[in-house]
Student: 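Encoded as structure tokens, here's the structure I'll be asking about.
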There are 2 protein chains.
Amino acid sequence: MSRREEAKTFNRARICAAAESIIRSEGMDNLTMRRLAVVAGVSLRTPYNLFGSKTDVLIALLDEAVFKFTQLGLAHSDGAAIARMLRALGQIETFFDSDETYYRGIYAAIMTSDHPEVRSTSVDRAIASARALMAEAMSNGELRADTDVQSLGRHLAITLLAVLGMWGSGFFSNRESMAQVRRAWLAVMLQHCSDTSRLMLAAAYDNPSNIGD
Amino acid sequence: MSRREEAKTFNRARICAAAESIIRSEGMDNLTMRRLAVVAGVSLRTPYNLFGSKTDVLIALLDEAVFKFTQLGLAHSDGAAIARMLRALGQIETFFDSDETYYRGIYAAIMTSDHPEVRSTSVDRAIASARALMAEAMSNGELRADTDVQSLGRHLAITLLAVLGMWGSGFFSNRESMAQVRRAWLAVMLQHCSDTSRLMLAAAYDNPSNIGD
DNA sequence: AATAGTTTTATAACATGTGTCAATAATGTT
DNA sequence: AACATTATTGACACATGTTATAAAACTATT
């Protein structure tokens, strides 16, 4: 990396750190571009040079959060594909619990920004993950052979993202949001599961508390 | 109604009409408070006096749309409760199709406004409707006796609203959005339906096209 | 009709995201 | 070292939602 790129990377990091610090100590409302420039020790124009817009700065913070989460999630990713998928919900909930106002604030800010194009990357990412997991479930015999795993994976991912949108708006607690997704996921999965996974899914649907632990 | 209230009502209507006209002829981006004031023939301050904020003006437009929709929906509301509930999705889709950019524009603008409190009324309304329908379904014997209709109604309503949120962002077409809700609804309903409705629901789940017509 | 109360208007102002543009500094290249 | 390229800075400007303030218009009450 050239020195120019190094400097850019360093400044990007400084700006992200400043943004995070402002959100934490002064709240989302006080994250203005002028304040961000001051705290980051940079001119007002620089965040625009390095990120493009305020929303893009927030997306960088969200990416950091997603990265942190994936690191956690991969730690104990053993077991059947469907079970892992369900367990992910508990992991998301735990992750949100660990820093609720911060994550919700970032997410809400991005969602309420009028840069619609920024959301499609996370949608694509989520759909791809869900499809991969469902494809794995299929090859493990966890799903009925006539299941369209592409369609199922897409449906499950959209379910999650749609509820996350409402979560970001502050309607539901972390727990309520994940319970909503869990119920929706289990019901749809029950329509496609093979006999090997049906009992587990049916039991999980009837007793929401003991899923994925 | 006193003359003062009459004048207010008249001005409110003028402002709403102006807002709708601007959105239709110049697009959502050109709906600024200054332009709205000019087109409505009113001072910049008046919309704030009469509505409170720009978002509140848009909410008034959405309320008009919801009212128009409910009038349509009630016209042919016969049949079993579950069937009516499913048919509502088709009606929503038709309604959106009839004026897509307008409704989506309003909805998106409200959703991306940072007035979170405004959304709770529509949430409450949707949950109440869904609960009423599910209660009716229960008393008709369409649901298993051990079903918690409150919880089920709430779940179904949230499913719809969550997907509507994404619809507003422009990700999905009207059809895709409703198909997503339909699939989710059918799967969950299949977990709670009695034998009388199971066949219809299972058939609908397997063949998404012939629902609610 | 006179007075008091309320609403609208006109104008200005403020904060914010974002853009412009020239000047300056830093870096890469010869 | 000299030049060219690129990045940052600073100062300003603009559009927008929103608020402030005082004057004017309107309505209600006596």
Side-chain angles (χ1 to χ4, degrees), chain A residues 1-19 22-23 26-61 105-106 108-118, chain B residues 1-19 22-23 26-61 105-106 108-118:
Chain A
M1 194 164 57
S2 74
R3 265 173 87 174
R4 270 208 167 114
E5 288 305 313
E6 270 179 26
K8 279 200 202 177
T9 305
F10 178 70
N11 273 345
R12 260 189 272 259
R14 265 209 303 178
I15 290 168
C16 281
I22 293 172
I23 295 170
E26 309 171 31
M28 202 76 220
D29 291 348
N30 288 98
L31 180 66
T32 71
M33 291 305 269
R34 287 166 177 82
R35 179 109 189 87
L36 177 60
V38 168
V39 173
V42 100
S43 91
L44 173 60
R45 204 68 246 287
T46 301
Y48 289 99
N49 290 337
L50 296 179
F51 291 91
S53 70
K54 181 179 180 179
T55 302
D56 288 314
V57 175
L58 290 163
I59 288 173
L61 295 186
I106 294 177
I110 294 174
M111 287 297 137
T112 64
S113 84
D114 49 354
H115 296 229
E117 76 283 0
V118 305
Chain B
M1 194 162 57
S2 74
R3 262 172 92 175
R4 267 203 171 119
E5 288 306 314
E6 270 179 27
K8 280 198 201 179
T9 305
F10 179 70
N11 272 345
R12 260 190 272 259
R14 265 209 303 178
I15 290 168
C16 280
I22 293 172
I23 295 170
E26 309 172 31
M28 202 75 221
D29 290 349
N30 289 97
L31 179 67
T32 71
M33 292 305 269
R34 286 166 179 83
R35 179 110 188 89
L36 177 59
V38 168
V39 174
V42 100
S43 91
L44 173 60
R45 202 65 233 286
T46 302
Y48 288 100
N49 289 338
L50 296 179
F51 290 91
S53 70
K54 180 179 181 179
T55 302
D56 288 313
V57 175
L58 290 163
I59 288 173
L61 295 186
I106 294 176
I110 293 174
M111 286 297 139
T112 62
S113 84
D114 49 355
H115 296 227
E117 76 283 359
V118 305

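Just so it is clear, the values below take in all heavy atoms, side chains as well, and ignore hydrogens, waters and symmetry mates. Chain letters run A, B, ... following the sequence lines, proteins first and then strands; every chain starts at 1. Because the structure is a prediction, the values reported are computed rather than measured.
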Student: Give a yes/no on whether any side-chain N or O of B:Lys54 is located under 4.0 angstrom from OP1 or OP2 of D:dT16.
Tutor: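 Result: no.
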Student: Just checking A:Leu31: base, sugar-phosphate only, or nothing, at a heavy-atom cut-off of under 4.0 Å?
Tutor: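 Sugar-phosphate only.
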Student: Taking any heavy-atom pair under 4.0 Å as a contact, classify B:Leu50: base, sugar-phosphate, or nothing.
Tutor: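 Sugar-phosphate, backbone atoms only, no base.
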Student: Without decimals, in angstroms, what is the distance between B:Arg4 CZ and C:dT7 P?
Tutor: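 Atom CZ in B:Arg4 sits about 6 Å away from atom P in C:dT7.
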Student: According to a strict under-4.0 Å criterion, is B:His115 in side-chain N/O contact with OP1 or OP2 of D:dT18?
Tutor: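 Yes, because at least one side-chain N or O of B:His115 sits under 4.0 Å from OP1 or OP2 of D:dT18.
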Student: Would you give the length of the straight line joining atom NZ of B:Lys54 to atom NE2 of B:His115, rounded to the nearest 0.5 angstrom?
Tutor: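 Nearest 0.5 Å value for the NZ-NE2 distance: 10.5 Å.
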Student: Give a yes/no on whether any side-chain N or O of B:Thr46 is located under 4.0 angstrom from OP1 or OP2 of C:dT7.
Tutor: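 Checking B:Thr46 against C:dT7: no side-chain N or O falls below 4.0 Å of OP1 or OP2.
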Student: Hey, does the side chain of B:Arg12 reach the backbone of B:Phe51 with a donor-acceptor pair shorter than 3.5 angstrom?
Tutor: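 No; zero donor-acceptor contacts below 3.5 Å.
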Student: Decide, yes or no, whether a salt bridge links B:Glu6 with B:Arg3 under the criterion of side-chain N to carboxylate O below 4.0 Å.
Tutor: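 No, this pair does not count.
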Student: Reading DNA chain D from 5' onward, which residue's closest nucleotide shows up sooner: B:Arg34 or A:Val42?
Tutor: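 Result: A:Val42.
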Student: Hey, could you give me the NZ/CD1 distance between B:Lys8 and B:Ile15, rounded to the nearest 0.5 Å?
Tutor: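 Rounded to the nearest 0.5 Å, the NZ-CD1 separation comes out at 11.5 Å.
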Student: Within less than 4.0 Å of OP1 or OP2 of C:dT27, is there a side-chain N or O belonging to A:Arg3?
Tutor: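 Affirmative; the distance criterion is met.
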Student: For the side chain of A:Thr46 and the backbone of A:Val42, is there at least one donor-acceptor N/O pair under 3.5 Å apart?
Tutor: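 Side chain of A:Thr46 to backbone of A:Val42: no pair is present.
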Student: Which whole-number value in Å describes the distance from B:Arg35 CZ to D:dG17 C1'?
Tutor: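 Atom CZ in B:Arg35 sits about 17 Å away from atom C1' in D:dG17.
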Student: Check the distance between D:dT6's C1' and A:Lys8's NZ and give it to me in whole angstrom.
Tutor: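 Those two atoms, NZ and C1', are 8 Å apart.
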Student: Roughly how many Å is it from OH in A:Tyr48 to P in C:dC21, rounded to a whole number?
Tutor: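 That distance rounds to 17 Å.
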Student: Closest-nucleotide mapping onto DNA chain D: is B:Thr55 or B:Glu5 further toward the 5' terminus? I mean the 5' end.
Tutor: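 Mapping each residue to its closest nucleotide by heavy atoms, the 5'-most match is B:Thr55.
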Student: Does D:dA7 have OP1 or OP2 sitting under 4.0 Å from an N or O in the side chain of A:Asn11?
Tutor: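 No, outside the criterion.
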Student: Output the rounded distance in Å from CG (A:Leu44) to P (C:dG17).
Tutor: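 One finds 9 Å between P of C:dG17 and CG of A:Leu44, rounded.
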Student: What is the separation between atom CZ on A:Arg12 and atom C1' on D:dA7, rounded to the nearest whole Å?
Tutor: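 Taking atom C1' of D:dA7 as the reference, CZ of A:Arg12 is at 12 Å.
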Student: Could you state the atom-to-atom distance from CG of B:Asn30 to C1' of D:dT16 in whole Å?
Tutor: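 After rounding, the gap between these two atoms is 12 Å.
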Student: Taking 4.0 Å as the cut-off, does a side-chain nitrogen or oxygen of A:Ser53 come that near to OP1 or OP2 on C:dG17?
Tutor: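 A:Ser53 to C:dG17 OP1/OP2: no side-chain N or O under 4.0 Å.
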Student: I want to check one thing: is the phosphate of C:dT8, taken as OP1 and OP2, less than 4.0 Å away from some side-chain N or O of B:Asn49?
Tutor: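 Indeed, a polar side-chain atom of B:Asn49 lies that close.
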Student: Using 0.5 Å steps for rounding, measure from the OG1 atom of A:Thr112 to the CE atom of B:Met111.
Tutor: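 A:Thr112 OG1 to B:Met111 CE: 12.0 Å, rounded to 0.5 Å.
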Student: CG of B:Asp114 versus P of C:dG17: gap in Å, rounded?
Tutor: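 These atoms are roughly 11 Å apart.
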Student: Is the phosphate of C:dA15, meaning OP1 or OP2, less than 4.0 Å from a side-chain N or O of A:Thr32?
Tutor: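 No, outside the criterion.
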Student: Students often get this wrong, so: under 4.0 angstrom with heavy atoms, is A:Arg45 touching a base, only sugar-phosphate, or nothing?
Tutor: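 Touches a base.
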